[in-house]
Amino acid sequence: MKLYSTNDRNKLVTFREAVLKGISKDGGLFMPVSLPKMPDAFFERINILDMQDIAFAVSRTLLKEEIPDYDMFGIIRRAFTFTAPLVNLGKDKYVLELFHGPTLAFKDFGARFLAETLSYFNKDENKELVILVATSGDTGSAVANGFHNVPGVKVVLLYPSGKVSRIQEQQLTTLGGNVTALEILGNFDDCQRMVKQAFADNELTSKVRISSANSINIARLLPQSFYYHYAYSQVEDRDKDVVFSVPSGNFGNLTGGLFAKEMGLPVHKFIAAVNTNDIFPQYLKTGEFKPKASVQTISNAMDVGNPSNFARISSLFQGSVANVKDVIYSRSYTDDQTKNAINEVNNRYGYLIDPHGAVGYMALNDYLNENPGLYSSIVLETAHPAKFKDIVEKSSGTAVTVPKNLEQCLNKEKRSIVLPNEYEALKNILL
Ligand SMILES: *Cc1c(COP(=O)(O)O)cnc(C)c1O
């Protein structure tokens with residue numbers, strides 16, 4: 001696969017280079033030059049394929065020139081140890097549960113595929129690779145889980161002391177093995193600054209190989225296209241038009257869906273569901289992309305004021321807002337509406353949905369009301385409701401069952417190294 005930078009269409013890199021670099025030197029994001037169509041036979045017999053079959057079929061179509069089938073098969077088998085069931089709410093309305101991975105959020109798909117491909121491309125290096133991640137919660141634990149026990153790789157996480165939820169802190173600090181959690185006496189910006197300083201420190205980088213497993217890495221996006229195919233494989237009537245509602249923040253999940261469509265998945269519309277951070281629906285309305293400071297909400301994984309994948313979406317549609325609008329519909333919702341929606345989904349369907357999924361549910365209903373027709377409509381449920389237990393229970397009046405692996409994680413002993421918010425302290429640890 002050849003990729004260009006969204007800042008320069010003419011300089012191409014291989015998938016290997018794109019994965020190892022993360023971001024282009026010119027500051028642009030890597031995008032595939034073209035996405036091949038999956039063969040008709042794939043869609044004709046898609047209903048008999050499972051998540052791993054689909055992941056393998058799509059990834060070999062994209063990457064067979066760089067990763068031989070045998071190795072790709074191993075990558076897929078190790079990355080996707082869990083599946084993505086489609087739950088039928090009735091009347092062709094579905095929820096795609098993306099929270100069955102180890103950290104109970106959809107980021108496990110991207111983080112685990114990235115971990116496997118990065119360690120695959122790293123295997124000929126004889127020096128250990130240190131993955132350095134500043135996290136305000138969910139991304140860090142998905143990345144750490146993905147790299148947990150991967151040979152030749154060490155993970156160092158920095159998180160702001162007292163500023164992540166208890167569940168998040170337990171997920172960050174109880175892995176052990178090759179994962180070290182640094183509890184920084186400061187805020188998230190301090191953590192990020194310290195990591196940036198490490199990458200800019202020539203003395204350090206000459207002694208230690210560090211990489212960032214960044215959220216904009218192309219290896220996190222590709223696997224986010226697999227479960228759109230898998231959702232389609234599970235709908236009852238594949239002759240109906242399919243619409244996907246995607247709770248969105250940085251728009252990586254939605255970009256994965258656009259890749260699936262480019263590869264031939266028959267998607268009628270994507271619905272970009274956002275909270276009060278409404279940059280994207282405003283862009284569709286006015287044609288102007290105006291990033292803002294983010295606002296805190298109860299669907300906090302979508303509190304993004306400058307969606308990082310906008311550059312990719314824009315380049316995929318040749319910078320034309322009219323082209324984007326043909327494929328993507330978008331609406332924004334407040335926290336009060338979100339709480340009501342959690343309650344409504346429980347009353348109507350007996351299904352407990354998390355705040356992110358609830359935003360997706362509302363946007364789907366608005367789309368269906370404005371565009372009557374016969375659809376198979378699918379809400380992507382991006383996190384397990386137990387991760388937002390208090391809000392879900394308060395909004396629905398119903399108890400949330402905590403999954404076993406989360407329960408176990410909550411009972412484990414927390415292990416972190418407390419550090420001041422000074423770069424020298426981090427450097428000493430890394431050396
Ligand atoms: C990260 C995240 C999102 C937003 O996904 P993007 O790819 O950034 O749009 C939505 N829901 C949950 C639970 C998340 O963790």
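Just follow the structure's listing: the first ligand is 1, and inside any ligand the first atom is 1. The first residue in the sequence is number 1, and the count goes up from there.
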Does the side chain of Met263 come within less than 4.5 Å of Val58's, by heavy atoms? yes
Between Phe310 and Tyr283, is the gap from one ring center to the other below 6.0 Å? yes
Among Leu172, Asp108, Thr173, find the one that has a side-chain contact (heavy atoms from CB on, under 4.5 Å) with Ser141. Leu172
Side chain of Asp278, backbone of Val274: donor and acceptor closer than 3.5 Å? no
Does the gap between the ring centers of Phe251 and Phe280 come in under 6.0 Å? yes
One pair per line, please: each N/O atom of ligand 1 matched with every protein N/O atom under 3.5 Å away, atom names first, then the distance to 0.1 Å.
residue, atom, partner, partner atom, Å
ligand 1, 7 (O), Gly252, N, 3.0
ligand 1, 7 (O), Asn253, N, 2.9
ligand 1, 8 (O), Asn250, N, 2.8
ligand 1, 9 (O), Gly249, N, 2.8
ligand 1, 9 (O), Asn250, N, 3.3
ligand 1, 9 (O), Phe251, N, 2.8
ligand 1, 11 (N), Thr382, OG1, 2.8
ligand 1, 15 (O), Lys107, NZ, 2.5

Can the ring centres of His384 and Phe99 be said to be less than 6.0 Å apart? yes
